[in-house]
Amino acid sequence: MELPSRYNPGEVEDKWYKFWEESAFFHAEPDPKKKPFCIVIPPPNVTGILHMGHALNNTIQDILVRYKRMRGFIGLWIPGTDHAGIATQNVVEKSLAREGLSRQHLGREKFLERVWLWKEQYGTTIINQLKKLGCSCDWQRLRFTMDEGLSEAVLEVFVRLYDKGLIYRGNYIINWCPRCQTALSDEEAPHQETQGNLYYIKYPIKATSKQKPVTRKTKEIESEYIVVATTRPETMLGDTAVAVNPKDKRYKKLIGKILILPLVNREIKIISDSLVDMKFGTGAVKVTPAHDPNDYMLGKKHNLEFINVMHPDGRMNENASRFSGLDRFKCRELILEELNSAGLLEKTEPHLHAVGHCYRCHTMVEPYLSRQWFVRMKPLAIPAINAVKEGSIKFYPKRWTKVYLDWMENIRDWCISRQIWWGHRLPVYYCHKCQEAENQKSTLRLRSGLMVSEVEPSKIENGVIVSKTKPEKCPVCGSSDIVQDEDVLDTWFSSWLWPFSAMGWPETQNSELRTKNSDLEYFYPTSVLVTAQEIIFFWVARMIMAGIEFMDNIPFEDVYIHGTVRDLTGKKMSKSLGNIIDPIKVINEFGADALRFSIVSITAAGQDVFLSDEKFHLGRNFANKIWNASRFILANVSQPIADSRLSITKDDLSLADRWILSRLQKATQGVTEALERYDFNEAAGIIYQFFWHEFCDWYIEIVKPILATGNQLTVTGQEGKATTQFILVEILETSLRLLHPMMPFVTEEIWQKVKPLNNNETKSIMLSSWPTINKNFIDEDSEIKMIIMQD
RNA sequence: GGGCGCAUGGCUCAGUUGGUUAGAGUGCUGCCCUCACAUGGCAGAGGUCGAAGGUUCGAGUCCUUCUGCGCCCACCA
């Protein structure tokens, strides 16, 4: 058999992938006689291209599902993509901008057409890249978070939660991205250490008649002031009070006095509240109820006015008087200048603080008062906490359990409405007539066109109809003047249903066709979720809550959290930093097997991965080693192994034979155990060590003379060539099966050439069974003797 | 302000429940293109396992403190 001396992955990978896919080896159907093993893919963004994080994430999943299939499970890996609301909308808007267009120009409908077009064009890129990686997903089950079934699930869930009082609408300070112009959840606005300034501003105290003696000293008295410290001076335009701590002796006398808000000359009151920290700044805090969560609370408590001074795009609005129209940061500069020249800026101190930033565009988020929809999380969290505490769901590595529990125990309500167009539109309808009436009862004193009424959470609002389909008439007043809410749902509102929506919920559940064999019945809960640390709150936690709430069962049993892929300096790989290594380039250069084996070898459980190009040499060289060892064996074993060899006993074997067979048992055991506990680098290390440094370096070398000359006396004793050939094939074939989950392509290529020697009829190594340990071949004595010999 | 992770040969990292001379990949030195493989083989140099203390017959491995990096969470403006 003529084989090149170098393994050429490019020639074989596509061929075998096509073969597997066309043979439907990835497709799984429920089989009551077998146990299920199911993974749902963390759906990549439709706009996405494969990065090293995906490569790691999906390699691990593929290893698991291939391994489990070989162990006799019905292995199902459900693939899919995520519509990724804000991210995708941003990408399409950028491409429109290059044509000199904006989504506002196009209008909602036309814009959505463009996004769907984009999705059709680019949505399959990452799927094809996953195939290059070798992922054995059941592509017949490919889902998209906005396809019909999944959209149905979203509506179903929204309505159910609303009916239960777990979804409500209200005016709150939320994270607002002025660039994306939408509300964000707390998770979508991660805090970032930011170097800012603390500005100390003098607010003059208004002279009372009593304090105003009829002398020329008037001016002096009027110049008394209180100093507040702020990091965002532009929000002072919306101040409606200054607060001090009631215990603060410095300010006790001033409580209740009136201040003149500089620049706008509005009168505001000094109030007292124990929330104020006496030690921070001057101990006096400006209160801007429409632009800060704490101030919002104070505003409600003390019945202050809520003045929104900003447009949704971050420019100042008409409430900012002459600053109206200025960008928020430009406005800040100008205000500081004016305060300074008026002698009202006492001092400026550098101040390091954590500020929220949009996770999609990194713009500094603005705490902004607006009316949004929320999910009340506490009731959902309680059973989800218990599921983990009781051990129904286990995290690997364990330490993430605490991270999960800490977050869940302090969970806050989830802001789910987004002011964008791409996504699931809220199944919420408003009756115009009923709303008008409701607006009369506004309890908030708002000075902004944005807000309507303040609604107590969980109270059903008049004029609001939540329904999966558009109602013809208002059930209250009968009016047909009904409009749907303009907003769409947070992208994660569909992702959190993924483990069951991807299996057909809710149709499957309602359908009469539901049988013991239905997917949900058979494959749910899934076996393991493989994901990265940064997505625990966004996704993992919420899936657990949704699973328990809607399926009455956990969505997965194990959660394997792998590390983050970084460059050699420790930075996260990202396009914007320009430090990415493109997996497709690595595959083209070294092969998918090399990529897979390398990345898994250097990834210790849950530890971050630091990558560089050279690290892929490890896998490439190993693939080549496997290739050449096989080449050697195939060249020396041309006839099928006689069946009689299969019943070989120890007495027929030399020391080297007994040793390598014993080592094979140990390797099999080691790899199996390592995979069972998600210890992938250990599994890779064991098979690498065995194959290269034991099988190739020692056994093959010892055996060469026998193969060269037939029966011959060797250091290890009288030896039969046929026995040696049998063992070579045996070790090689078993090693290939141990390696297959990690290196599917090269193992298939060689296995197909080896199988005739074994008289094996199986169509693919994929379908062969996982090696078992034969205790009869464990031979400590031979191992000790070989160690002595090797020294 | 909480929490977590990491500090082991030049570099990048493994080291299960504490046990004989601490491993791998890569790099380096020397010799080999020997008929599977130079993406290779053989031989070799190189580490007082961040610091200090403690537990123990025995610690890279457990406890305490400290130092230096990194990450996550957090409504002191």
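Chain A is the first sequence line, chain B the second, and so forth, proteins listed ahead of strands; every chain is numbered from 1. Side chains included, hydrogens not; waters and symmetry mates left out as well; all remaining heavy atoms used.
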Exercise. Indicate, yes or no, whether a donor-acceptor pair under 3.5 Å links the base of A36(B) to the side chain of Glu701(A).
Key: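 Such a pair exists between side chain and base.
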Given atom [atom1] of [X] and atom [atom2] of [N], what is their separation to the nearest angstrom?
{"X": "Lys398(A)", "N": "C4(B)", "atom1": "NZ", "atom2": "P", "value": "14 Å"}
{"X": "Leu728(A)", "N": "A36(B)", "atom1": "CG", "atom2": "P", "value": "13 Å"}
{"X": "Asp406(A)", "N": "G3(B)", "atom1": "CG", "atom2": "P", "value": "10 Å"}
{"X": "Ile687(A)", "N": "A14(B)", "atom1": "CD1", "atom2": "P", "value": "22 Å"}
{"X": "Asn624(A)", "N": "G41(B)", "atom1": "CG", "atom2": "P", "value": "10 Å"}
{"X": "Asn621(A)", "N": "U26(B)", "atom1": "CG", "atom2": "C1'", "value": "10 Å"}
{"X": "Asn197(A)", "N": "A77(B)", "atom1": "CG", "atom2": "P", "value": "13 Å"}
{"X": "Glu682(A)", "N": "C13(B)", "atom1": "CD", "atom2": "P", "value": "18 Å"}

Looking only at atom [atom1], what distance separates [N] and [M], rounded to whole Å?
{"N": "C62(B)", "M": "A43(B)", "atom1": "C1'", "result": "40 Å"}
{"N": "C72(B)", "M": "U65(B)", "atom1": "C1'", "result": "25 Å"}
{"N": "G58(B)", "M": "G18(B)", "atom1": "P", "result": "15 Å"}
{"N": "C37(B)", "M": "U20(B)", "atom1": "P", "result": "40 Å"}
{"N": "C13(B)", "M": "G3(B)", "atom1": "P", "result": "26 Å"}
{"N": "A14(B)", "M": "A22(B)", "atom1": "C1'", "result": "11 Å"}
{"N": "G9(B)", "M": "A24(B)", "atom1": "P", "result": "15 Å"}
{"N": "C31(B)", "M": "A45(B)", "atom1": "C1'", "result": "15 Å"}

Quiz item: Pick the nucleotide of RNA chain B nearest each of Trp400(A) and Lys279(A); which residue has the one closer to the 5' end?
Solution: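 In this pair, the answer is Trp400(A).
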Practice problem: Find which nucleotide of RNA chain B each of Met278(A) and Val403(A) is nearest to by heavy atoms, and output the residue with the more 5' nucleotide. | Solution: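 By nearest-heavy-atom nucleotide position, the 5'-most residue is Val403(A).
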Quiz item: Are the aromatic rings of His351(A) and Phe280(A) close, with centres under 6.0 Å apart?
Solution: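 Centroid separation for His351(A) and Phe280(A): below 6.0 Å.
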Would you indicate which nucleotide in [options] comes nearest to any side-chain atom of [X]?
{"X": "Trp692(A)", "options": "A77(B), G40(B), C72(B)", "result": "G40(B)"}
{"X": "Arg631(A)", "options": "C75(B), A77(B), A36(B)", "result": "A36(B)"}
{"X": "His351(A)", "options": "A38(B), G41(B), A77(B)", "result": "A77(B)"}
{"X": "Lys402(A)", "options": "A77(B), C72(B), G3(B)", "result": "G3(B)"}
{"X": "Arg412(A)", "options": "C72(B), A36(B), C75(B)", "result": "C75(B)"}
{"X": "Tyr688(A)", "options": "G25(B), A36(B), C71(B)", "result": "G25(B)"}
{"X": "Arg399(A)", "options": "C73(B), A36(B), G5(B)", "result": "G5(B)"}
{"X": "His353(A)", "options": "C75(B), A77(B), G25(B)", "result": "A77(B)"}
{"X": "Asp697(A)", "options": "G41(B), A74(B), A36(B)", "result": "G41(B)"}

Exercise. Output, in order, the C-alpha distance, side-chain angles, deciding distance and verdict of side-chain hydrogen bond (donor to acceptor under 3.5 Å, both in side chains) for Asp413(A) and Tyr172(A).
Key: CA-CA 11 Å; Asp413(A) 285 356; Tyr172(A) 293 97; over 6 Å; no
For [N], which nucleotide in any strand shown is its Watson-Crick or wobble partner with both distances under 3.5 Å?
{"N": "A24(B)", "result": "U12(B)"}
{"N": "G70(B)", "result": "C4(B)"}
{"N": "G47(B)", "result": "none"}
{"N": "G53(B)", "result": "C63(B)"}

What contact category does [X] fall into here, base, sugar-phosphate, or nothing, at under 4.0 angstrom with non-hydrogen atoms?
{"X": "Ala354(A)", "value": "base"}
{"X": "Phe537(A)", "value": "sugar-phosphate"}
{"X": "His291(A)", "value": "nothing"}
{"X": "Arg677(A)", "value": "nothing"}

Quiz item: According to the interplanar angle, ranging from 0 to 90°, do the rings of Tyr359(A) and Phe538(A) count as parallel (below 30°), tilted (30 to 60°) or perpendicular (above 60°)?
Solution: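 The arrangement is parallel - the two ring planes meet at less than 30°.
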Quiz prompt | Ring geometry between Trp692(A) and Phe622(A) (parallel below 30°, tilted from 30 to 60°, perpendicular above 60°) | solution =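 Judged by the thresholds at 30° and 60°, the geometry between Phe622(A) and Trp692(A) is parallel.
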Quiz item: Going by distance alone, is a donor N or O of one side chain under 3.5 Å from an acceptor N or O of the other, for His617(A) and Asn621(A)?
Solution: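 No, no side-chain donor-acceptor pair sits under 3.5 Å.
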Quiz item: Salt-bridged, Lys666(A) to Glu694(A), with N to O below 4.0 Å?
Solution: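 Judged by the 4.0 Å cut-off on N to carboxylate O distance, Lys666(A) and Glu694(A) do not form a salt bridge.
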Exercise. Decide, yes or no, whether a salt bridge links Arg620(A) with Glu589(A) under the criterion of side-chain N to carboxylate O below 4.0 Å.
Key: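 Looking at Glu589(A) together with Arg620(A), the answer is no, because their closest N to O distance does not fall below 4.0 Å.
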Quiz item: Between Lys704(A) and A36(B), does any side-chain N or O lie under 4.0 Å from OP1 or OP2?
Solution: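 The answer is yes; a side-chain N or O of Lys704(A) sits under 4.0 Å from OP1 or OP2.
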Quiz item: Closer than 4.0 Å, any side-chain N/O of His693(A) to the OP1 or OP2 of G25(B)?
Solution: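 Yes, such a contact exists.
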Quiz item: For Tyr560(A), which of Phe395(A), Trp400(A), Tyr396(A), Phe680(A) qualifies under ring pair (Phe, Tyr, Trp, His ring centres under 6.0 Å)?
Solution: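 The single option meeting the ring pair (Phe, Tyr, Trp, His ring centres under 6.0 Å) with Tyr560(A) is Phe680(A).
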